[in-house]
Protein chains: 2
Amino acid sequence: MVAVRGGSAHGPAHLVLTASVARRYYLDGRSKVEIAEEFALSRFKVARLLDDARSSGLVRIEIGHPGVIDVELSARLMETLGLQHCVVTDTPDDHPASLREHLGAAAAELLTELVTPDDVLGLSWARSVSAMATALQRLATVPVIQLTGALTRPGVDDSSIEVVRDVARVAGGPAYFFYAPMAVPDAATAQALRRQPEVARAFSRIGSVTRAVAGVGAWAPEQSTLYDATSEAERHELGRLGVTAEISGVLVDADGTPVASDLTERMIGITAEQMRAVPEVIAIVYGTAKVKAVLAAVRGGLVDSLVTHSTLAEALIREAGS
Amino acid sequence: MVAVRGGSAHGPAHLVLTASVARRYYLDGRSKVEIAEEFALSRFKVARLLDDARSSGLVRIEIGHPGVIDVELSARLMETLGLQHCVVTDTPDDHPASLREHLGAAAAELLTELVTPDDVLGLSWARSVSAMATALQRLATVPVIQLTGALTRPGVDDSSIEVVRDVARVAGGPAYFFYAPMAVPDAATAQALRRQPEVARAFSRIGSVTRAVAGVGAWAPEQSTLYDATSEAERHELGRLGVTAEISGVLVDADGTPVASDLTERMIGITAEQMRAVPEVIAIVYGTAKVKAVLAAVRGGLVDSLVTHSTLAEALIREAGS
DNA sequence: CACGGGCGTGCTCAGATGAGCGGCGCCCTG
DNA sequence: CAGGGCGCCGCTCATCTGAGCACGCCCGTG
């Protein structure tokens with residue numbers, strides 16, 4: 001090379017050459033060696049041109065997908081929180097009911113995809129889980145286990161109590177369900193209930209559950225069915241103990257450490273240890289009020305996967321990053 | 001692997017996994033081997049995931065640049081016509097004067113970039129070349145050669161006749177210019193003029209020109225200064241001979257083959273052979289009426305590089321493709 | 001129940017690629 | 001004018017990557 005350089009280093013010809021090379025490489029899929037031959041450059045030059053093109057923004061790479069699922073955000077949330085799976089919809093979040101419906105549909109799709117005939121499915125009591133059951137159209141043949149007692153709020157139609165049976169019907173597998181409340185007034189009653197044949201039958205299966213679906217509640221009014229069903233004094237006491245999240249009746253503090261209390265003894269349902277032992281717990285969550293609760297549940301290893309909406313997902317990433 | 005597959009092949013989890021992998025690969029620049037290890041996949045699986053991601057449109061790669069130059073279109077036109085260089089601006093084409101100004105500026109930038117101290121620059125007579133000269137702010141120190149006589153139209157201010165001197169001043173190199181018309185009434189006068197010291201001095205340098213800038217005219221009213229300066233009979237005769245393009249006084253047919261005629265003898269300027277011998281002739285062209293003229297000039301090997309606007313560039317690609 | 005097509009998977013091996021290095025010419029400064 | 005700094009270039013070598021192939025499983029069919 002004669003090595004006498006002319007004008008500006010980043011003139012239009014350089015720009016167009018770079019664009020040509022980028023086009024050949026990214027759009028036509030040619031190798032750098034081929035491009036080097038075609039343009040009479042060294043392959044190193046081509047590589048540097050392409051590096052420049054990317055760093056200068058001449059080449060833009062976007063990851064996206066037409067549809068309700070924001071795949072890029074899902075991937076980011078998954079990586080940020082170290083989740084097993086993650087689905088984020090970009091549903092507008094101004095209408096809780098439609099939000100729940102969309103998330104239920106997304107969770108149903110996820111479950112259909114994930115569940116194999118080798119799985120054992122556990123279901124928690126939550127409106128979002130019920131929404132998922134409604135949307136579920138197909139599922140591998142697996143046993144379905146009820147993980148907690150029911151908890152209905154007067155005046156609120158929390159939809160069918162038949163969630164476990166509905167899902168089991170779609171799956172074509174056996175259903176392990178029972179009729180009992182999530183919490184009872186005293187430990188003795190709880191123990192008695194746990195000995196009930198149906199309850200005991202379901203509970204004996206909890207250890208074999210490989211995938212579970214649950215909601216996540218925050219310890220605040222309207223943010224947890226359990227909170228709303230608890231007495232004023234107990235709410236306060238549990239709050240004092242640092243309760244931040246409620247997952248299927250399991251209470252944990254901000255670090256995700258289970259908070260033992262009087263209430264723990266009175267619960268009919270899966271324990272913190274059992275839940276942590278489940279290989280994959282999928283939580284369906286919505287509402288930005290639950291940021292800290294979700295983080296606690298994930299950090300505590302209780303929740304492994306998330307189905308949520310973009311506003312909450314972004315808030316989670318922001319909070320987790322800080 | 002246990003090899004019992006669950007739900008749908010393209011569920012949300014698959015989508016999000018693909019997005020994660022694509023993000024790591026394209027955005028974070030990790031290698032496929034690293035990604036394979038991170039996600040516990042085989043590197044083949046990663047490669048196939050990435051292939052799917054691109055073919056399904058999950059990953060979109062765009063080449064573009066904020067500015068007046070449409071680099072992507074420039075690259076495409078360059079490849080389609082096999083040009084040495086190409087600059088396409090996306091200036092709106094509804095105002096010829098502003099168009100000429102923009103193209104002049106783009107051409108000036110291109111020239112600044114391309115010209116090295118080893119070059120010898122030739123300039124043709126054209127309004128667009130004049131516009132380039134006006135915009136030129138910097139240039140390597142090179143000799144500047146006038147390639148043709150001048151051709152002014154009455155009532156049209158074709159700007160300075162001093163183009164060659166102006167450019168030479170910016171370059172800081174010697175100027176080889178002369179005052180003579182582009183065409184004269186008879187061959188004898190032309191020969192006499194060519195013997196003029198200044199003319200001969202400039203012409204003797206034509207063989208050493210390494211880069212030239214010119215316009216391209218179509219053989220139609222208002223599309224070529226030479227056409228407009230020619231008699232009715234001659235226009236018709238030349239049209240009959242198939243003249244399609246005029247480049248710096250050189251006339252060629254639709255294939256780019258030079259058309260010899262009576263007029264050829266009466267021209268004061270570079271010949272077709274000489275022009276083809278110039279390593280790079282850069283043409284500044286605008287107006288979709290000149291599609292066929294540009295194609296002829298390029299196919300004939302007279303023009304090697306183009307500075308034009310998007311409308312004409314697209315028309316050229318369309319026409320060349322068909 | 002045996003067979004064969006289709007699909008997804010991972011292997012081999014040659015060719016492509018990236019990281020880091022030394023060389024060279026330009027430009028700036030003393 | 002000499003020396004040093006800097007940016008650009010292309011090389012080497014270890015690693016990465018793609019094309020094609022073979023295997024095993026699933027499923028539908030005779």
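Per chain, numbering begins at 1; letters A, B, ... match sequence-line order.
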- Measure from CD on A/Glu37 to C1' on D/dG10 and round the result to the nearest Å. 16 Å
- Message: When you measure from the side-chain N and O atoms of A/Ser42 to the phosphate of D/dC9, is any distance below 4.0 Å, counting only OP1 and OP2?
- Response: no
Pick out the pairs of N or O atoms, protein on one side and nucleotides 15-17 of chain D on the other, that lie under 3.5 Å.
unit_1 : atom_1 : unit_2  : atom_2 : d
D/dT17 : OP1    : B/Lys32 : N      : 3.2
D/dT17 : OP2    : B/Lys32 : N      : 2.8
D/dT17 : OP2    : B/Val33 : N      : 3.1

- Looking just at side-chain N and O atoms, do B/Asp70 and B/Ser310 make a donor-acceptor pair shorter than 3.5 Å? no
- Query: Who passes side-chain contact (heavy atoms from CB on, under 4.5 Å) against B/Arg43, sequence neighbours left out?
  - Reply: B/Val33, B/Ala36
- Enter the inter-axis angle for the ends of the helix from C/dC1-D/dG30 to C/dG30-D/dC1 (five pairs per end, rounded to 10°). 10°
- Could you state the CG-P distance from A/Asp51 to C/dG20, rounded to the nearest angstrom? 13 Å
Under 3.5 Å, N/O pairs linking protein and nucleotides 20-23 of chain D:
none

- Query: What residues form a side-chain contact (heavy atoms from CB on, under 4.5 Å) with B/Phe177, not counting sequence neighbours?
  - Reply: B/Gln146, B/Val164, B/Arg165, B/Ala175, B/Tyr179
- Message: Just to verify, what does B/Arg201 make a salt bridge (Lys or Arg N to Asp or Glu O under 4.0 Å) with, not counting sequence neighbours?
- Response: none
- salt bridge (Lys or Arg N to Asp or Glu O under 4.0 Å) partners for A/Arg299, two or more places apart: none
- Message: For A/Arg205, give me all partners under salt bridge (Lys or Arg N to Asp or Glu O under 4.0 Å), at least two apart in sequence or on another chain.
- Response: none
- Using a cut-off of less than 4.0 Å, is there contact between a side-chain N or O of B/Lys45 and OP1 or OP2 of C/dT9? yes
- Under 3.5 Å, is there a donor-acceptor pair between the B/Arg54 and B/Tyr26 side chains? yes
- Task: Only counting residues at least two apart or in another chain, list the ones meeting side-chain contact (heavy atoms from CB on, under 4.5 Å) with B/Ala320.
- Result: B/Thr80, B/Leu81, B/Leu295
- Item | A/His14 NE2 - D/dG7 C1' separation (whole Å) | 13 Å
- Query: For residues 275-285 of chain B, which residue pairs qualify under salt bridge (Lys or Arg N to Asp or Glu O under 4.0 Å), counting only residues two or more places apart or in two chains?
  - Reply: B/Arg211-B/Glu280
- Residues passing the side-chain contact (heavy atoms from CB on, under 4.5 Å) test with A/Glu34, sequence neighbours excluded, are A/Arg30, A/Ser31
- What residues form a salt bridge (Lys or Arg N to Asp or Glu O under 4.0 Å) with B/Arg60, not counting sequence neighbours? A/Glu62
